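None of the values given here were measured: they were computed from a predicted structure. Numbers restart at 1 for each chain; the letters A, B, ... are given by sequence-line order, proteins then strands.
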Amino acid sequence: MKEKYIKKFVEKQDELKKLVYLQNTFLVEEIKLVAGVDLAYWVKDKKEYGTCSIVVIDYNTKEIVEQVDYFDEITVPYISGFLAFRELPLILKTVKKLKTKPDIYMFDGNGYLHYRHMGIATHASFYLNKPTIGIAKSYLKIENVDFIMPENLKGAHTDIVINNDVYGRCLRTRENVKPIFVSCGNWIDLDTATELTLHFIEKDSRLPITTRYADLATHQSRKRVLGDK
DNA sequence: GCGACAG
DNA sequence: ATCTTGTCGC
């Protein structure tokens, strides 16, 4: 069932991962707009649907500059390690509705912290042509390597290193909350990705407001879609 | 058959 | 991701 997709998916990821560049291609001081991207799903009449929300936030004022939603049928199944193939088509259609042009995109999921260094944040960067960051709420275990729990202090973090390769970072964004997993998407370094993530942490969530607001927006969007039918 | 498994 | 309310604790 899922197997029919996997060979082509791996080939595509292997092709793209050669182009990943884990250095900043921008100056942090020049960042103005940061986008959070997320999806929500539902099933209706045996068909699966998804709605994507993108929330664009001003880096300095932290106010929402723009928000767009787009929903459609989802045809690709969820397969761990291949999230981009399922979600990216909808994401790209949603991006087309944006009037502003975000400088950076933050995703719900991993980037370089991935079996082949090609999590959704990294994969998406090649279609957005913008730096990206992956923010995952749970740990994707690779080569049986566990993460090291950081201290219970805001900003505490431990790196996830496998075979001398830094895949990503386990980051405690606030005290007394479960840590999140930050990884480079593309065209950014891990320290900067961590810095931006912490910049958008506020009192109401362990997630940066970019992805947090996008998450809330998908739930609202789904409610509207189902309510209008 | 059993456990793993980003969202 | 989704199915789902109140409740314990900082």
Pairwise C1' distance, B:dC5 and C:dT2 [rounded to whole Å]:
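One C1' to the other, the span is 15 Å.
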Pairwise P distance, C:dT4 and B:dG3 [rounded to whole Å]:
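That atom pair is separated by 26 Å.
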Check: protein-nucleotides 8-10 of chain C nitrogen or oxygen pairs below 3.5 Å:
| from | atom 1 | to | atom 2 | distance (Å) |
| --- | --- | --- | --- | --- |
| C:dC10 | O3' | A:N176 | ND2 | 3.4 |

Sorted by number, the residues of [range] with heavy-atom contact under 4.0 Å to DNA chain B:
range: residues 199-206 of chain A; value: none
range: residues 110-130 of chain A; value: A:N110, A:H114, A:G119, A:I120
range: residues 179-188 of chain A; value: none
range: residues 131-141 of chain A; value: A:A136, A:K137, A:S138, A:Y139, A:L140, A:K141
range: residues 74-93 of chain A; value: A:Y78, A:S80, A:G81, A:F82, A:L83, A:R86

Of the non-hydrogen atoms in [X] and [Y], which two are nearest, and what is the gap between them?
X: A:L171; Y: A:G155; answer: CD1-O, 3.8 Å
X: A:D108; Y: A:K137; answer: OD1-NZ, 2.7 Å
X: A:D204; Y: A:R174; answer: C-NH1, 3.8 Å
X: A:L128; Y: A:L92; answer: CD2-CD2, 4.0 Å
X: A:H114; Y: A:G81; answer: NE2-O, 2.8 Å
X: A:E202; Y: A:Y213; answer: OE1-OH, 4.0 Å

Students should find this one: the first and last nucleotides of DNA chain B, 5' to 3', lying under 4.0 Å from a heavy atom of chain A. What are they?
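Nucleotide range in contact with chain A: B:dC5 to B:dG7.
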Every protein N/O within reach of nucleotides 3-7 of chain C N/O, cut-off under 3.5 Å:
none

Tell me, do [X] and [Y] make a side-chain contact under 4.5 Å, heavy atoms counted?
X: A:M118; Y: A:D14; result: no
X: A:V37; Y: A:C52; result: yes
X: A:L113; Y: A:I142; result: yes
X: A:D146; Y: A:K141; result: yes
X: A:V55; Y: A:T210; result: no
X: A:P179; Y: A:Y139; result: no
X: A:L190; Y: A:Y112; result: no
X: A:P102; Y: A:K130; result: no

For DNA chain B, list all stems, counting runs of three or more consecutive pairs where every pair is Watson-Crick or G-U wobble with both distances under 3.5 Å.
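So the stems come out as none.
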Using a strict threshold of under 4.0 Å (side-chain N to carboxylate O), is an ion pair present between A:E15 and A:K12?
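So A:K12 pairs with A:E15 through a salt bridge.
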Electrostatic pair A:K97:A:D69 at N-O distance under 4.0 angstrom:
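No salt bridge links A:K97 with A:D69.
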Under 4.5 Å between side-chain heavy atoms, chaining through other members, with only Ile, Leu, Val, Met, Phe, Trp and Tyr counted: pull out the rest of the cluster around A:V177, sorted by chain and number.
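Joined to A:V177, directly or through intermediates: none.
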Which hydrophobic side chains are connected to A:F85, either touching it within the sub-4.5 Å cutoff or through other members that do?
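Members other than A:F85 - counting any ILVMFWY side chain reachable under 4.5 Å - are A:Y5, A:I6, A:F9, A:V10, A:V76, A:I79, A:F82.
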Please identify which of these residues, A:D189, A:I188, A:N186, meets the side-chain contact (heavy atoms from CB on, under 4.5 Å) condition with A:Y21.
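The residue from A:D189, A:I188, A:N186 that satisfies side-chain contact (heavy atoms from CB on, under 4.5 Å) with A:Y21 turns out to be A:N186.
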Only one of A:C184, A:S183, A:S138 clears side-chain contact (heavy atoms from CB on, under 4.5 Å) with A:N110; which?
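It is A:S183, the one option of A:C184, A:S183, A:S138 that forms the side-chain contact (heavy atoms from CB on, under 4.5 Å) with A:N110.
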Are there runs of at least three consecutive Watson-Crick or G-U pairs touching DNA chain C, with each pair's two distances under 3.5 angstrom? Give them by first number.
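Consecutive-pair runs (3 or more) involving DNA chain C: none.
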Please say whether more than 12 non-hydrogen atoms of neighbouring residues, nucleotides or ligands are located less than 6.0 Å from CD in A:E151.
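Not more than 12 within 6.0 Å, no.
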Flag if over 12 foreign heavy atoms under 6.0 Å of NZ, A:K178:
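No, NZ of A:K178 has 12 or fewer neighbouring heavy atoms, counting only those of other groups under 6.0 Å.
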Step through it carefully: locate the ring centre of A:H117, locate the ring centre of A:Y167, and say whether they are under 6.0 Å apart.
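Yes; A:Y167 has its ring centre under 6.0 Å from that of A:H117.
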Looking only at side-chain N and O atoms, does A:Y41 offer a donor or acceptor that is under 3.5 Å from a partner on A:E87?
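On atom types as modelled, these side chains qualify, holding a pair under 3.5 Å.
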What orientation do A:F71 and A:W42 show, parallel under 30°, tilted 30 to 60°, or perpendicular over 60°?
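Correct class here is tilted.
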Just by modelled atom types, is the A:R212 backbone N or O under 3.5 Å from a matching donor or acceptor in the A:S205 side chain?
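A pair under 3.5 Å: no.
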Hydrophobic cluster membership, A:L140 vs A:I120, 4.5 Å side-chain cutoff
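Shared cluster, no.
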